[in-house]
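Here is the structure we will look at, set down as structure tokens.
What you see is a predicted model; the values in this text were computed from it and never measured. Each chain gets a letter, A, B and so on, in the order the sequences are listed, and its residues count up from 1.
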There are 2 protein chains.
Amino acid sequence: MGTAKTDTRTRILDVAQDLIQRHGLNAMSFKDLSDAVGIRKASVHHHFATKAEMVRALLERYQVEFQQIVRKVLDSKVSGKTKLKRYCGLFLQTLEEGDQDKSCLCGMLVAELYSLDEPEAALVRKFFRSNIDSIQAILDEGAQDGSLSPGSSPDIVLAALEGGLLTARCDGGPERFSTIIRQLIKMLSA
Amino acid sequence: MGTAKTDTRTRILDVAQDLIQRHGLNAMSFKDLSDAVGIRKASVHHHFATKAEMVRALLERYQVEFQQIVRKVLDSKVSGKTKLKRYCGLFLQTLEEGDQDKSCLCGMLVAELYSLDEPEAALVRKFFRSNIDSIQAILDEGAQDGSLSPGSSPDIVLAALEGGLLTARCDGGPERFSTIIRQLIKMLSA
DNA sequence: TTTACCCTACCTATCGGAAGGCAGGTTGTC
DNA sequence: GACAACCTGCCTTCCGATAGGTAGGGTAAA
């Protein structure tokens, strides 16, 4: 359990996540990881025996981290509409990072779903479901406090965010993604 | 220019499109194609020298075919809202085909954008742009005939459709995608 | 009609390289 | 000395791609 500076295992996961968010799972190799981290390919295998095991660790970490951030949004003392804005802002932050070409980890993996084994595919599904639950909670709250119109489905919010990341990344960048979010909020407002 | 029964070249493109829509570009190999079509790997290379060349042919065909279908929707004598429903229905049709696990060709390729050379990436961008234009035309018409609320952006429609295909394919299937479409139409209605 | 030629479509065989993964040795630290 | 972290070196499999050959159809001049 060494923690000297930055855990090599953590650095591997960081690089892997970055590469998958930009290039996709099947376009990322153990060599890419070892080159980026500065160790040998076999050393990556020391930390993650198989690619599937690495993806699993990555998804579990991503789920926990993302849920923690979403939790903060949900627990804040603001209107439902403001929470929705902040929630969507989380996805915008991803696209604004680095070279402005990063998508959601699970948004990428869902495209390559058949390259995943079932345990990992289940984690992707779990990510989407817990996000649907979070969005539903926000929509319910907004309907109650009168900031959002009642009777909206959370599915379209998730679809617009995931699809928006992919399409904006290809053309238009963060500005276009912001436009999509603005339009989405407007349509869901009371 | 033989056309005996079904052109081998066409059959290769058909299989390639199906595989990419379900598994993605990087998960599809020349061997997959040759196995499915029933010829040898080298024979696939006879029709398409490189993988990039094949993707290019695929995207050009897809663009033409899709635009033809969209044109029919645009030219029909119905309200803007009905046109929007029919346009969204085109994406639903894709998901309802076969094993109900097919996404939009360009929706898959945009996730694997960095695996494409620039000429092919440009074709993906072109597909999205021409669809944005089509949606804009539908929204404008709906705003004029009073069936759709004015001032809507086409970006969110495309994002919701592309993202909806990917997420619904992972969980919920065509029913969930239909829900997304219904919600989208409702929000854009006057 | 024959002969020569070219073309398309497909084949076998093979290439160099990159992929994921494993065996086993070395180093550094508690 | 135990253990984790990392190494060299290698294996197998698969990838995209190429070389070179075969069979059959079309064409056209002698």
Side-chain angles (χ1 to χ4, degrees), chain A residues 1-20 22-59 108-109 112-121, chain B residues 1-20 22-59 108-109 112-121:
Chain A
M1 287 294 178
T3 48
K5 35 183 183 181
T6 306
D7 202 346
T8 300
R9 185 188 154 97
T10 302
R11 278 165 61 212
I12 294 173
L13 287 180
D14 289 344
V15 171
Q17 182 171 331
D18 183 85
L19 282 175
I20 294 178
R22 295 193 294 120
H23 297 259
L25 176 66
N26 288 325
M28 178 212 69
S29 70
F30 274 61
K31 184 171 186 305
D32 294 329
L33 296 178
S34 69
D35 286 348
V37 173
I39 57 176
R40 298 293 165 163
K41 199 161 58 104
S43 307
V44 180
H45 278 284
H46 169 72
H47 294 279
F48 304 100
T50 65
K51 204 172 182 179
E53 186 179 317
M54 208 214 61
V55 172
R56 200 178 323 135
L58 199 50
L59 282 169
M108 294 297 282
L109 289 180
E112 299 178 294
L113 198 67
Y114 286 159
S115 299
L116 268 46
D117 295 329
E118 193 42 50
E120 288 75 42
Chain B
M1 289 296 174
T3 48
K5 37 183 182 181
T6 306
D7 202 348
T8 300
R9 184 189 154 95
T10 302
R11 278 164 63 212
I12 294 173
L13 287 180
D14 289 344
V15 171
Q17 181 171 332
D18 183 85
L19 282 175
I20 294 178
R22 295 192 294 120
H23 292 87
L25 176 66
N26 289 324
M28 178 212 70
S29 71
F30 274 60
K31 185 173 185 305
D32 294 330
L33 296 178
S34 69
D35 285 349
V37 174
I39 56 176
R40 298 294 166 165
K41 203 161 56 110
S43 305
V44 180
H45 277 284
H46 168 71
H47 294 277
F48 304 101
T50 66
K51 204 172 182 178
E53 186 180 317
M54 207 213 61
V55 171
R56 199 177 326 133
L58 201 50
L59 282 169
M108 295 296 283
L109 289 179
E112 299 177 294
L113 198 67
Y114 286 159
S115 299
L116 267 47
D117 296 328
E118 192 42 50
E120 288 75 42

Contact state string [nucleotides 25-30 of chain C, B base, S sugar-phosphate only, - no protein heavy atom under 4.0 Å]: ------

Could you check whether any side-chain heavy atom of [X] comes within less than 4.5 Å of a side-chain heavy atom of [Y], counting everything from C-beta outward?
X         : Y         : result
Leu109(A) : Leu59(A)  : yes
Val55(A)  : Asp117(A) : no
Arg22(B)  : Asp18(B)  : yes
Leu19(B)  : Leu33(B)  : yes

Using a cutoff of under 3.5 Å, can you pull out all pairs of nitrogen or oxygen atoms linking the protein to nucleotides 17-22 of chain C, with atom names and distances?
{"from": "dA19(C)", "atom 1": "OP1", "to": "Ser29(A)", "atom 2": "OG", "distance (Å)": "3.3"}
{"from": "dG20(C)", "atom 1": "OP1", "to": "Lys51(A)", "atom 2": "NZ", "distance (Å)": "2.9"}
{"from": "dG20(C)", "atom 1": "OP2", "to": "Phe30(A)", "atom 2": "N", "distance (Å)": "2.9"}
{"from": "dG20(C)", "atom 1": "N7", "to": "Lys41(A)", "atom 2": "NZ", "distance (Å)": "2.9"}
{"from": "dG20(C)", "atom 1": "O6", "to": "Lys41(A)", "atom 2": "NZ", "distance (Å)": "3.4"}
{"from": "dG21(C)", "atom 1": "OP2", "to": "Lys51(A)", "atom 2": "N", "distance (Å)": "2.9"}
{"from": "dG21(C)", "atom 1": "N7", "to": "His45(A)", "atom 2": "NE2", "distance (Å)": "3.3"}
{"from": "dG21(C)", "atom 1": "O6", "to": "Lys41(A)", "atom 2": "NZ", "distance (Å)": "3.0"}

Under the side-chain hydrogen bond (donor to acceptor under 3.5 Å, both in side chains) test, which residues partner Asp14(B), sequence neighbours left out?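 Applying side-chain hydrogen bond (donor to acceptor under 3.5 Å, both in side chains) to Asp14(B) gives Arg61(B).
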
side-chain hydrogen bond (donor to acceptor under 3.5 Å, both in side chains) partners of Ser115(B), counting only residues at least two apart: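 Partners of Ser115(B) under the side-chain hydrogen bond (donor to acceptor under 3.5 Å, both in side chains) test: Asn26(B).
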
Reckon Ser43(B) has a side-chain N or O less than 4.0 Å from the OP1 or OP2 of dC11(C)?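 Answer yes for this pair, as a side-chain N or O of Ser43(B) is under 4.0 Å from OP1 or OP2.
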
May I ask you to verify if any side-chain N or O of His46(A) is less than 4.0 angstrom from the OP1 or OP2 atom of dC6(D)?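 So the side chain of His46(A) is outside the cut-off, no N or O lying under 4.0 Å from OP1 or OP2 of dC6(D).
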
In whole Å, I'd like the distance from the [atom1] atom of [X] to the [atom2] atom of [N].
X        : N       : atom1 : atom2 : result
Asn26(A) : dC14(D) : CG    : P     : 15 Å
Arg40(A) : dT8(D)  : CZ    : P     : 4 Å
Asp35(B) : dG16(D) : CG    : P     : 12 Å

Not counting sequence neighbours, list each pair that qualifies as a ring-ring contact (aromatic ring centres under 6.0 Å, His included) and has a residue in residues 34-55 of chain A.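 Sorted result for residues 34-55 of chain A: Phe30(A)-His45(A).
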
End axis versus end axis in the helix from dT1(C)-dA30(D) to dC30(C)-dG1(D), the angle rounded to 10°, five pairs used at each terminus: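 Angle reported: 10°, given to the nearest ten degrees.
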
Any chance you could measure Leu58(A), atom CG, to Glu53(A), atom CD, to the nearest 0.5 Å?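 Answer rounded to 0.5 Å: 12.5 Å.
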
Testing the basics here: between Leu25(B) and Lys51(B), what is the closest heavy-atom pair and its distance to 0.1 Å?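 So the minimum-distance heavy-atom pair works out to O-NZ, 3.3 Å.
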
Quick one: which residue pairs count as a salt bridge (Lys or Arg N to Asp or Glu O under 4.0 Å) with a foot in residues 23-42 of chain A, not counting sequence neighbours?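 Salt bridge (Lys or Arg N to Asp or Glu O under 4.0 Å) check on residues 23-42 of chain A returns Lys31(A)-Asp35(A).
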
Residues forming a salt bridge (Lys or Arg N to Asp or Glu O under 4.0 Å) with Glu120(A), sequence neighbours excluded: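 Partners of Glu120(A) under the salt bridge (Lys or Arg N to Asp or Glu O under 4.0 Å) test: Arg56(A).
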
